[in-house]
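Take a look at the structure below.
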Amino acid sequence: MMIRDLSKIRNIGISAHIDSGKTTLTERILFYTQRIHAIHEVRGKDNVGATMDHMELEKERGITITSASTHCEWNDHHINIIDTPGHVDFTVEVERSLRVLDGAVLVLCGVAGVQSQSMTVDRQMRRYRVPRLAFINKCDRAGANPRKVTDQLCDKLKHNAVMMQLPIGLEAEHDGVVDLVKMKAYTFSGDNGETVLESDIPADMADEAEAARENMLDAVSMFSDDLMEAILEGNVTEDLIHDAVRNGVMARDLTPVFLGSAYKNRGVQKLLDAIVNYLPSPLQIENTALDLTNDEAQIDLATDPEKPLVALAFKLDEGRYGQLTYLRIYQGKIEKGCNILNSRTKKRVKVGRLVRMHAAKMEELEVAAAGDIVALFGIDCASGDTFTDESIQVAMSSMFVPSPVISYSLNPVDKKAQEGMGKALGRFVREDPTFRAGVDEESGETVISGMGELHLDVYLERMRREYNVDVETGPPQVAYRETISKRAEFNYTHKKQTGGSGQFGRVAGFVEPVEDGEDFEFINKIRGGSIPTEYIPSVEKGFRQMLDKGRLIGFPVTGMRVTIDDGQSHAVDSSDMAFQAAGRGAFRDVYGRAKPIILEPLMKLEVEGPSEFQGAYIKTIMQRRGTVIGTTEEDGFCRVESEVPLAEMFGYATDLRSASQGKAEFTMEFSRYMPVPAEASVELKEKYKSRVEGAQVE
């Protein structure tokens, strides 16, 4: 099989706030590129669901849960597309996709504009330095205002956003777009908008288009001296504009804005042209890996099929054919039947089946090369593993994984369910780095943790459907933390005498709170060798062993600095074990005197809905110990931003529906940890005490 021309490959993601129309847009892209021959709606009456929402749960709920991969051809270019979820509970799907993509389309709702999850997605794009275009969708909806949304891109997300098109009519009158590069009008006809009609700009828009083009040229000429010269001489060409825009996008200093309505089949083909023209090919992206033979020094990778193989497993999916591993190939090539090496486990594996995915369908490949996104079957690995061809020892840096904020306890209803539950949890943990499962030492219960109620509910539902496992769930458990609030000194001696040599170690110093949010800091100020140097790490290890479980409510301890400045050792009785024990004892001794307090996760909550219910939204927030940060109101819709403790947010969806006649929606993401109020603190301590006493009685 022929290896593709790398300059004609585009690896892109489609990301946005929930319900901005990402999946609908992907569906139209697949239709216009003739990957599919019929359009299915996300919430279709035929209950088929969109092509990219291939899980039963996704079809039923009308939301995207996992990122789906597909590919298509447009204007002689090969485009790999990943459609990502918009819901904040599935944010890791966006993280893992952006980690391996070269460019992205940020989809915004023409009415709601920049929403809370748009900001989260934008942060993720910045983290992985992903160049992007913006597509303002839903221009046919009442209240659509692309200019306002472009201004929000500049004000709220600090983008240098430039409109490359003007809408021909808005709301019910929306008919097409004016292309400010070609200075032509485009309308879309046929049953599904497949026929693109080019015409002159409507007379009543000529002046507006001229002014908008001037603004656009002014903005993009900053990225090309040739274009700036051409503007002064009056001989601007389309190619010069394309080059300037591409330069700005590649430098991530320009966000070209395109318009349309995916649902009404308008503007999608022009967006595809922009993807091909402005987003980078794999050749234009710099990728690095860590050299495992040279103290993890950074080395540059070349997007070259002839170089040694480097590929990253960025997503795992357990399908009906076994584990499917999605790979982005950064360097070299993979052939069917060849051997590749997992850099983490040092295990060699043989490539049995090599496929290219189209949502849940696949096509077999003989060979795949640098720059491509493919999938392998039957490879045992974890998300984030690097594969090489054994001639080099490198690893790709992994993605950012946020910590879970909520837990449920699980009890299988019978022995058969116990076995199925173990299998299901093992698979889900491998697939999703933000999903954790383990056994609580005190209660012996299985505990699962994740990013929110919806996140865990989806996994419980998948357990029922895919593994036929029924479980009873315990009440949701918030991921509290403990910390200290004042400085306290310690001077602890560990002394134990048994037959033969005993154990002896004395440590002295103080603990204090850390202000800048660090989990734990250990400072050695021992002078004169009162504790031999080789035992200092043992003292630190002893303290660290105690951090997993605080003494107030049994949750991890964070924000603590330990400084040791004195101690004592014994020539015979001192050892690594003795000083570890001294560290543990010193922690137990000093913790109560350092005024420990309980911290709870505070969530950033954003409620959106009709303005008439604004008072009701604020009431639901205040009832849950929330603090309103700000409200904005536009065109009959309002947005209330607030901070609310996670402990108060269970069942909020039902309350908000009741308060707004089902018309409002909310998004929630972790903000920071804050001390819990005194009353709640007493209650949590009592609960923990009775649980420990109960466990002891048993």
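Everything quoted here is computed from the prediction, not taken from an experiment.
- Applying the side chain to side chain donor-acceptor pair (under 3.5 Å) rule to pairs touching residues 672-683 yields E643-R672, sequence neighbours excluded.
- In this structure the side chain of I373 never reaches within 4.5 angstrom of the side chain of L327, judged on heavy atoms.
- Note that the CG atom of L309 and the CG atom of L301 stand 10.5 Å from one another [nearest 0.5 Å].
- For the pair F510 and D565, the minimum side-chain heavy-atom distance is below 4.5 Å.
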Hey, mind stepping through L684 and E600 against side-chain contact (heavy atoms from CB on, under 4.5 Å) and telling me if it holds? CA-CA 11 Å; L684 287 166; E600 64 181 347; over 6 Å; no

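- No side-chain donor-acceptor contact under 3.5 Å links R561 to the backbone of V511.
- Relative to the six-membered ring of F504, R506 misses at least one condition, a distance below 6.0 Å or an angle of at most 45° to the axis.
- Using a cut-off of 4.0 Å between Lys/Arg side-chain N and Asp/Glu carboxylate O, E641 and K604 are scored as not salt-bridged.
- No donor-acceptor distance shorter than 3.5 angstrom exists from the side chain of S574 to the backbone of A571, with no hydrogens or angles considered.
- Rounded to the nearest 0.5 Å, atoms CE (M560) and CD1 (I484) are 4.5 Å apart.
- Side-chain atoms of V394 and L290, non-hydrogen and from C-beta on, never get closer than 4.5 Å to each other.
- Contact check for N342 versus R344: side-chain heavy atoms found under the 4.5 Å cut-off.
- Taking all atoms of both residues into account, the shortest heavy-atom contact from Y492 to A581 is CE2-O, 4.4 Å.
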Is there a side-chain contact (heavy atoms from CB on, under 4.5 Å) between F555 and I598? Walk through the geometry before answering. CA-CA 9 Å; F555 276 87; I598 302 165; over 6 Å; no

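- Atom NZ of K595 is surrounded by 12 or fewer heavy atoms from other residues, nucleotides or ligands within 6.0 Å.
- In this structure the side chain of Y652 reaches within 4.5 angstrom of the side chain of L605, judged on heavy atoms.
- E512 pairs with exactly one of E521, K486, R487 by the side chain to side chain contact (heavy atoms under 4.5 Å, CB included) rule, that one being R487.
- Note that NZ of K307 and CD1 of I392 are 9.5 Å apart. Values are rounded to the nearest 0.5 Å.
- In terms of the ring-ring contact (aromatic ring centres under 6.0 Å, His included) criterion, residue partners of Y535 (sequence neighbours excluded) are, by chain and number, F579.
- Between R551 and E482, no side-chain nitrogen of the basic residue sits less than 4.0 Å from a carboxylate oxygen of the acidic one, so the salt-bridge criterion is not met.
- With respect to the salt-bridge test (charged N to carboxylate O, under 4.0 angstrom), the residues E461 and R464 qualify.
- Closest non-hydrogen pair, V100 versus Y330, comes out as CA-OH, 3.4 Å.
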Does R462 form a side-chain contact (heavy atoms from CB on, under 4.5 Å) with R427? I'd like the steps, not just the answer. CA-CA 11 Å; R462 283 182 65 187; R427 170 188 156 188; 2.6 Å; yes

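- In summary, K346 and E390 do not engage in a salt bridge, as defined by a charged side-chain N under 4.0 Å from a carboxylate O.
- Between L547 and P556 the shortest side-chain heavy-atom distance does not fall below 4.5 Å.
- The existence of a salt bridge linking D573 and K495 is excluded, since no basic side-chain nitrogen approaches an acidic carboxylate oxygen closer than 4.0 Å.
- Between the side chains of D519 and T558, at least one donor-acceptor pair of N or O atoms lies under 3.5 Å.
- In terms of modelled atom types and a separation under 3.5 Å, the side chain of D291 and the main chain of I299 share no donor-acceptor contact.
- With contacts defined as side-chain heavy-atom distances shorter than 4.5 Å, the pair L602/F670 does not qualify.
- Here D566 contributes atom CG and S530 contributes atom OG; the two are 5.0 Å apart, rounded to the nearest 0.5 Å.
- Minimum interatomic distance between G550 and V557 (heavy atoms only, all atoms of both residues): CA-CG2, 3.6 Å.
- In this structure, F428 and Y459 have tilted ring planes: the angle between them lies in the 30° to 60° band.
- A salt bridge is defined here as a Lys NZ or Arg NE, NH1 or NH2 lying under 4.0 Å from an Asp or Glu carboxylate O, and R624 with D655 meets this definition.
- The CG atom of L425 sits 7.0 Å away from the OG1 atom of T446 when rounded to the nearest 0.5 Å.
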Go through the steps to decide whether R328 and D102 satisfy the test salt bridge (Lys or Arg N to Asp or Glu O under 4.0 Å), and finish with yes or no. CA-CA 11 Å; R328 163 74 198 260; D102 302 329; 2.9 Å; yes

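- Counting non-hydrogen atoms of other residues, nucleotides and ligands closer than 6.0 Å to CG of N468 gives a total of 12 or fewer.
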Report the C-alpha distance between S642 and I621 in whole Å, list the side-chain angles of each, state the deciding distance to 0.1 Å, and finish with yes or no for side-chain contact (heavy atoms from CB on, under 4.5 Å). CA-CA 8 Å; S642 60; I621 291 163; 3.6 Å; yes

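- Pairing each heavy atom of Q568 with each of I531, the nearest pair is N-CG1, 4.0 Å.
- Nearest heavy atom pair, residue V471 against residue P412, reads CG1-CA, 4.1 Å.
- Within the 3.5 Å criterion, the main-chain N or O of D300 finds no donor-acceptor partner in the side chain of T288.
- Classification of K158 and D122 as a salt-bridged pair fails, no side-chain N sitting under 4.0 Å from a carboxylate O.
- Contact detail for V413 and A417: the closest heavy-atom pair is N-CB, 4.0 Å.
- Proximity of a side-chain donor or acceptor of Q331 to a complementary backbone N or O of A302 within less than 3.5 Å is detected.
- Side chains of D576 and S538: a donor-acceptor N/O pair is present below 3.5 angstrom, by distance only.
- A heavy-atom distance below 4.5 Å is found between the side chains of M463 and L410.
- Taking the six-membered ring for Trp and the full ring otherwise, F490 and F543 have centroids separated by under 6.0 Å.
- Considering NZ of K423 and CD of E466, their distance stands at 13.5 Å, rounded to 0.5 Å.
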Please step through salt bridge (Lys or Arg N to Asp or Glu O under 4.0 Å) for the pair R544 and D548, ending with a clear verdict. CA-CA 8 Å; R544 282 190 183 275; D548 287 344; over 6 Å; no

